[in-house]
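These values consider heavy atoms only, across backbone and side chains, with no hydrogens, waters or symmetry-generated copies. Below, read A as the first sequence line, B as the second, and so on, with proteins coming before strands; counting in each chain starts at 1.
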Amino acid sequence: MTDLAEPDRLTKIATLRSRGIDPYPAHGVTGTPITQLLQGAGSAAAPGPLIGTTVTIAGRMLNVRDFGKLMFAPVIDRTGRIQIGFQRDKLTDWWPDRKLLDGGDLIGVSGELGFTQKGEATVWAAEVKLLSKAVASPPEKWHGLVDKELRYRRRYVDLWSSEGVADVFIKRSKVLTTIRRYLEDEGYLEVETPTLHPIAGGAAARPFVTHHNALGMDLFLRIAPELYLKRLIVGGLERVFEVSRNFRNEGLSARHNPEFTMLELYEAQADYRRMMEISEQLIERSAVAVNGTTRVTFRGKEYDLKAPFSKKPYTELFRTKNGFDFDDTSRVKQRALELKIHDTGDPWKLMNDVFEATVEDELEGPMMVVDYPVQISPLAKQKPDDKRLTERFEVFIAGMELGNAFSELNDPVEQARRFEEQVASKDPEAPGVVDWDYVQALEYGMPPAGGLGIGVDRLVMVLTGQDSIRDVLLFPAMKPQHGDTPPAEIEPESPVAENTRTSRT
RNA sequence: GGGCGAGUAGCUCAGUCGGUAGAGCAACUGGCUUUUAACCAGUAGGUCCCCGGUUCGAGCCCGGGCUCGCUCACCA
């Protein structure tokens, strides 16, 4: 047992057993969802149809108020909370055992639904069954769990003890349902592609490295599913999407978790204009599904997510904020110095860093930045009328990037050239080797296609008004707790790469 | 990694000038048939994050360290 287990409650378990009561019975009680009971109860002034009938509920009992011959306690289930009234006169045999129940215990109760003198809907217990004895106390009754670290570590308590927490995750689920339903209606196929990648491609990020013993090789946890999904477009599946858990070995923040969920989709014969429409639809429909309106409040500001979103060219935003063109490399360098941006040696990364520092944070949105320079868009197709730019856009809300999409580059020769350029660049986040298998796929011919990625966690943040990504993840990344037993060491047959970056030597 | 803040009972927090460690809730005992953070009386509960220093005396002052939160940087 851990030190959360209270000796007194453990003693009660022994007492229960000695009286022939199993504190952890094999079978539960099927109850009516509490919200349904409350609806059927109506109010004391206008009693509903369930008043006076015998009902059954199952849930967690909290906060017992004992009057000696009468006792009240709320019981919660996933739908709501209702009060149970225990009366000695109606529970003569059970009454002496009531002290064996504690706040936090899971119980099943049957009895007549009625009201108290104060008019609160109450189940007057006629039968009580202990379903599971809690040996740890529930959180303090009026502050609840306030310590953020404890809330994340003990999400299993936070979910039922903190107001609104479960609701965020119910909404998150609704967002995913909405996305799936919409894409299925559009003729998309949901697919699953590998999480273990021999080459960490499809995005610029530092990967996690792991090791496969039988194959005797290092593998990367995927940083994006992109290159596999486009192989499926070559394969003729035409419209595919994946809800992909991606892993990036980078810093943590209110917007970044090492594993996060990305929706990626690809559609043959489409281009980035079609992706704009899909982005707008996905976001607008998700907003309506969870909030019933396209209006949301996020970080103190109101946004209307109604389609269509405004669109502005990258180059124009760049010029307006900086006073010179994005491809004026000497002035970009100078500006980067002014902004104290670290120069990795890659002039185009520097240009984009200047863009991010000067433009992105102020993009309240919802808005789409369109037509990105080709040098920072290695997988996007060039614009026919301006080869310096690509058919690419990103969606921003509240200065936060929510989505990224483009007309997919399907020219194998050009793709190989860009991969080689990337590998030769000084960007530490660029892949270390060319993905020749992907180039080979393109050599067979990929139809013109549009692709889109949407950060699901961030979308849920905006839709539920949560400032931190940790509040939309059930179990956000945490350091192991001091004193935790470390996980069993697995002996690799050969050492895992020393550096977490893609090796480029 | 930088900046700011925090660490005292199971939980939420006080702790004055450096002088015997406190409250509410939770727990335990007793009372109470209509409460809503029920109430009343009582009991128990402490490595004041750790190590060192100053001092007659340190929760408090000094030095070092650890952990956590927020934030900036990196990143989506």
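Here ring-ring contact (aromatic ring centres under 6.0 Å, His included) pairs that include residues 87-119 of chain A, with residues two or more places apart or in two chains, are A:Phe86-A:Trp94.
Within the structure, a side-chain polar atom (N or O) of A:Lys12 is placed less than 4.0 Å from OP1 or OP2 of B:C28.
A:Asn257 comes within 4.0 angstrom of a base, heavy atoms only.
A heavy atom lying under 4.0 Å from RNA chain B marks the following residues of residues 84-114 of chain A, by number: A:Gln87, A:Asp89, A:Asp102.
Across B:C28 and B:G10, the matching C1' atoms stand 14 Å from one another, rounded to whole Å.
Put simply, CZ on A:Arg151 is 15 Å from C1' on B:C68, counting in whole angstrom units.
Evaluation of the salt bridge (charged side-chain N to carboxylate O under 4.0 Å, His left out) rule for A:Glu226 yields A:Lys230 as partners, not counting sequence neighbours. For A:Arg299, there are no side-chain hydrogen bond (donor to acceptor under 3.5 Å, both in side chains) partners two or more places apart in sequence or in a different chain.
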Please list, for nucleotides 12-14 of chain B, all pairs of protein and nucleotide N/O atoms separated by less than 3.5 Å.
| from | atom 1 | to | atom 2 | distance (Å) |
| --- | --- | --- | --- | --- |
| B:U12 | O2' | A:His143 | NE2 | 3.2 |

Kindly give the atom pairs (protein nitrogen or oxygen, nucleotide nitrogen or oxygen) under 3.5 Å for nucleotides 36-43 of chain B.
| from | atom 1 | to | atom 2 | distance (Å) |
| --- | --- | --- | --- | --- |
| B:U36 | O2 | A:Glu120 | OE1 | 3.0 |
| B:U36 | N3 | A:Glu120 | OE1 | 2.4 |
| B:A37 | O3' | A:Lys141 | NZ | 3.4 |
| B:A38 | OP1 | A:Asn63 | OD1 | 2.7 |
| B:A38 | OP1 | A:Lys141 | NZ | 2.7 |
| B:A38 | OP2 | A:Asn63 | OD1 | 2.9 |
| B:A38 | OP2 | A:Asn63 | ND2 | 2.5 |
| B:A38 | OP2 | A:Arg65 | NH1 | 3.1 |
| B:A38 | N6 | A:Asp66 | O | 3.1 |

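Using a 4.0 Å cut-off between charged nitrogen and carboxylate oxygen, A:Arg98 and A:Asp66 count as a salt-bridge pair.
Centroid-to-centroid, the aromatic rings of A:Tyr314 and A:Tyr372 come within less than 6.0 Å.
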